[in-house]
Amino acid sequence: MATRVTMDMIRNIGISAHIDSGKTTLSERVLFYTKKIHAIHEVKGKDQVGATMDFMDLEREKGITIQSAATYCIWKGYNINLIDTPGHVDFTIEVERALRVLDGAVLVLCSVAGVQSQSITVDRQMKRYKVPRITFINKMDRAGANPFRGLKMLREKLGHNAHLITYPIGAEDQFKGIVDLVQMKAFYYDGDNGEFIREEEIPADILADCKKYREDLIAAVGEYDEHIGEMYLNGKDPNVEEFRAGIRKATMSLNFIPVMMGSAYKNKGVQHLLDAVTYYLPSPNQKENIALDQRNNEAKLALDSDPAKPFVGLAFKLDDGRYGQLTYMRIYQGTVKKGDVIFNSSNDRKVKVPRLVQMHADEMHDCEEACAGDIVALFGVDCASGDTFTDGQIKYTMTSMFVPNAVISLAIAPKDKSSLANFSKALNKFTKEDPTLRVHRDEESAQTIISGMGELHLEIYCERIKREYNCEVIVGKPQVAFRETITKRGEFNYLHKKQTGGSGQYAKVLGYIEPLPSDATAAYEFVDDIVGGSIPREFIPACDKGFRDAIKEGRLIGFPIVGVRAVINDGDSHDVDSSEMAFKTASLMGFREAYEKAGPVVLEPIMKLETSAPEEFQGSVMGQINQRRGMIANSTTNEGYAVIEAEVPLNEMFGYSTDLRSATQGKGEFTMEFLKYSAVPRNVQEDMVKKYQEKRAKENK
């Protein structure tokens, strides 16, 4: 366990970025300079070891990060808890859950590509959890490196008040080091791994530029720190301590982003980034963490990062390993010791803490206790991701993280019937670990369906079932998560009447359905406009249930109906024959009657696609996007590469990676994330409806 330090000396940070910006390479350097590891291994290196933080075999083979990995290290007396998160949009939940529990973050950009589509997503997630951040423009050694373009994109694409706090000395193969604009000194990184830092005067040819950027920086920081602002107006120069305090204040306001640069791969600029983490990012007691008091109508309370107060911790990630479930926990208040009994606020279960560890990627270092501000892992604690734990004196819950909806589904089955137990075990484990992976059984086809964030997301899980559970699987054709909705108001007037031996069934409902406004957050709304008791009060919930049953399966292609308000305003009942069942059935049938008149349409998920390829292939890449019903939103060229941004239906994107590779001699790359739902063109809808009706006709034979 790292030696216990004061709260001010703890930093909980995450490293996040677009895929291939160099996050894991940067994490590897951080571990090396903080003496956590003694040799540097590359993500896609020739050495067979692989990067420390990419410890899954699949991660090493594909050269990408799939799971966020946690570690801790010490830099100049500061304890730094570090989480390296994935860049690929399919593993976005890993970024969500890491940012939910972190106090600060480093947003990594590539100096050639600048702000890319996933950088925008990660930035949005940081805003959601109010995480102060530093931007590190990486890969300064690459051909086409231009940090000033990255700075411009931070301001224009992300709307950041971003300012350089370091300035580059050279670029591309001439990148030599950086100038610290706070100290106004030049720094060079000598030795095989850049471990020896040499301080010199600023080279004469860039001195004027450095002075200009420093001036801009003082003016920007002066907006958030009165003392610096006064000095700026009076033409005075702040000293290093004053300036750092000002930048820290500005960064923690969430309205100012300090920008640094370097090359993790070439070992330049990383130590200064570590310094900046300690200077400018908050300690655990400087970030507001809100809990809800379950014993007081969920009243909001600010937690206090005090080890002496009652214990509160949030389980933010589960990992079912060789030795049972490992629960990653961020401790917000109080202290937890090995052997303590803690309470799960979601189900009031009490659990004993048999073992407490600090994680270093996949290694575990035992510790006796953990206090507010720490990120640790607990063994043998059964819970779900997002559960809050307390010591039982209080009953608080923390707000959980945002979980996006699934956009793609696959039918999946074990190849061998004898592997069924392992197959079920694997799915249970993975759905517990990953809230964006959903599993359900389709009653009609009797198939097991898994749903997730994209093709790669589901492909990785199929591969993990095979490797970790020795269970070969058969995978069906991917199925897109379509939805249905209505475009206009449709009225219903439905009488449900059955008279057989004994008591009959009688219920009459009148009303209408209409589209919800486009900005509505709910998919369905029920409005009770009954006056004068034409439908007795006890049957109103049954009407709601009937409508809810109706929206589960649309009449066009059998997918759920969204964006509908169902209004009931009149009806009739019978003293003897009316029942809950009768009103539920009447509402279901009434909804279907109105649905036909309400202009029903099929909605499909539209993805935001960003494709980059050498300029000479620009025409064929655009042609491919157009063939897939894509709408090109923007196209830019930079350093011989064309970047095309488009909106494309997910249903048309299967097999795109193969087509793109063959059209660009393997040089094209793309990223894709869910953007919105949109109506499919009429001809496509007609085909879909026809196929659905044929399928139903076959099933009914």
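As a basis for the values below, the full set of heavy atoms in this structure was taken, side chains included, without hydrogen atoms, waters or symmetry mates. FYI, the numbering just counts along the sequence from 1.
- Counting only heavy atoms from C-beta outward, the side chains of Ile137 and Val108 never approach each other to under 4.5 Å.
- The shortest non-hydrogen separation linking Pro414 to Leu420 is CG-CD1, 3.5 Å.
- Separation of the Phe389 and Phe343 ring centroids does not fall under the 6.0 Å cut-off.
- Among residues two or more places apart in sequence or in another chain, the side-chain hydrogen bond (donor to acceptor under 3.5 Å, both in side chains) test is passed with Glu647 by Lys676.
- Considering every non-hydrogen atom in both Pro284 and Asn289, the closest pair reads O-ND2, 4.2 Å.
- Between the OH atom in Tyr677 and the CG atom in Leu650 there is a gap of 8.5 Å [rounded to 0.5 Å].
- Distance CE/Met672 to CD/Glu455: 6.5 Å, rounded to 0.5 Å.
- Side-chain contact check for Met398 versus Phe316: every heavy-atom pair is 4.5 Å or farther apart.
- Between Val643 and Gln116 there is no side-chain heavy-atom pair separated by less than 4.5 Å.
- One finds the CG atom of Leu107 at 11.5 Å from the CG atom of Asn138 (value rounded to the nearest 0.5 Å).
- Here the options are Val473, Val439, Thr431, the test is side chain to side chain contact (heavy atoms under 4.5 Å, CB included), and the partner is Ile450; only Val439 passes.
- Taken to the nearest 0.5 Å, the CD atom of Glu553 stands 8.5 Å off from the CD atom of Glu484.
- Atom CG of Leu82 and atom CG of Asn12 lie 10.0 Å apart (nearest 0.5 Å).
- At least one donor-acceptor pair closer than 3.5 Å links the side chain of Asp374 to the backbone N or O of Cys371.
- Put simply, the side chain of Thr436 never gets that close to the backbone of Met453: no donor and acceptor are under 3.5 Å apart.
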**OP:** Test Leu410 against Gln479 for side-chain contact (heavy atoms from CB on, under 4.5 Å), laying out the working first.
**Re:** CA-CA 6 Å; Leu410 281 177; Gln479 171 70 68; over 6 Å; no

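- Using a distance-only test at 3.5 Å, with no hydrogens or angles considered, no donor-acceptor pair links the side chain of Gln358 to the main chain of Cys367.
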(request) May I have the step-by-step check of side chain to side chain donor-acceptor pair (under 3.5 Å) for Asp434 and Tyr461, ending in yes or no? (result) CA-CA 10 Å; Asp434 182 352; Tyr461 277 114; 2.9 Å; yes

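- Environment of CZ in Arg128: crowded, with over 12 heavy atoms of neighbouring residues, nucleotides or ligands closer than 6.0 Å.
- For the pair Arg100 and Glu96, the salt-bridge criterion is not met [side-chain N within less than 4.0 Å of a carboxylate O].
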- Would you please test Gln271 and Trp75 for side-chain contact (heavy atoms from CB on, under 4.5 Å) and show each step? CA-CA 9 Å; Gln271 296 96 318; Trp75 178 251; 3.8 Å; yes

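- Side-chain contact between Tyr656 and Val648 is absent, with no heavy atoms from C-beta onward closer than 4.5 Å.
- Under 3.5 Å, the side chains of Arg11 and Asn81 contain no donor-acceptor pair of N or O atoms.
- Under the 3.5 Å distance criterion, the side-chain polar atoms of Ser21 are left unmatched by any main-chain donor or acceptor of Ala17.
- Between Ile13 and Ile80, the closest side-chain pair of non-hydrogen atoms falls below 4.5 Å.
- A salt bridge links Arg464 to Glu433: one of the charged nitrogens lies within less than 4.0 Å of a carboxylate oxygen.
- Taking the side-chain hydrogen bond (donor to acceptor under 3.5 Å, both in side chains) definition, one finds that Arg629 meets it with Glu604, Glu652, sequence neighbours left out.
- Look at Lys352 and Asp340 and you find no salt bridge, because none of the NZ, NE, NH1 or NH2 atoms lies under 4.0 Å from a carboxylate O.
- Shortest non-hydrogen contact noted between Ile625 and Ala646 is CG2-CB, 3.8 Å.
- Taking 4.0 Å as the cut-off between side-chain N and carboxylate O, Glu195 and Lys268 do not count as a salt-bridged pair.
- Here Lys432 pairs with Asp382 in a salt bridge; the nearest charged N to carboxylate O distance falls below 4.0 Å.
- Remark: Arg330 is positioned above the aromatic ring of Tyr332, its terminal NZ or CZ atom under 6.0 angstrom from the ring centre and at most 45 degrees off the axis.
- At a threshold of 4.5 Å between non-hydrogen side-chain atoms, the residues Leu356 and Phe379 do not count as touching.
- Looking at Leu158 and Ile120, their side chains come closer than 4.5 Å, going by heavy atoms from C-beta outward.
- In Lys127, the NZ atom is crowded: over 12 heavy atoms of neighbouring residues, nucleotides or ligands sit closer than 6.0 Å.
- When atom types are taken as modelled, the side chain of Asn347 and the backbone of Arg349 share a donor-acceptor pair closer than 3.5 angstrom.
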side-chain contact (heavy atoms from CB on, under 4.5 Å) between Thr611 and Gln624, intermediate numbers included:
CA-CA 11 Å; Thr611 305; Gln624 278 186 345; over 6 Å; no

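- Across every non-hydrogen atom of Leu109 and Gly114, the tightest pair is CD2-O, 3.9 Å.
- Arg29 places a side-chain N or O within donor-acceptor distance of the main-chain N or O of Ala264, the cut-off being under 3.5 Å.
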Open item on the list: Apply side-chain contact (heavy atoms from CB on, under 4.5 Å) to residues Glu610 and Phe670 and explain how you reach the verdict.
Closed with: CA-CA 5 Å; Glu610 188 178 281; Phe670 76 98; over 6 Å; no

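- Taking both residues in full, the closest heavy atoms of Cys462 and Val475 are given as SG-CG2, 3.8 Å, listed atom of the first, atom of the second, then distance.
- Under the 3.5 Å distance criterion, the side-chain polar atoms of Thr327 are matched with a main-chain donor or acceptor of Val381.
- Within the 4.5 Å cutoff, side-chain heavy atoms of Ile15 are placed close to those of Leu26.
- With sequence neighbours excluded, no residue forms a salt bridge (charged side-chain N to carboxylate O under 4.0 Å, His left out) with Asp141.
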With salt bridge (Lys or Arg N to Asp or Glu O under 4.0 Å) as the test, would you mind laying out the steps for Asp123 and Arg133 before giving the verdict? CA-CA 9 Å; Asp123 184 69; Arg133 49 209 174 277; 3.1 Å; yes

Q) Going through the checks in order, is the side chain to side chain donor-acceptor pair (under 3.5 Å) test met by Ser345 and Thr388? A) CA-CA 6 Å; Ser345 292; Thr388 306; 5.6 Å; no

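- Separation of atoms CD1 (Ile331) and CG (Leu314) is listed at 11.0 Å; rounding is to 0.5 Å.
- Residues Ser16 and Val122 approach most closely at CB-CG1, 3.3 Å, considering heavy atoms.
- Distance alone, capped at 3.5 Å, places no donor-acceptor pair between the Asn422 side chain and the Ser419 backbone.
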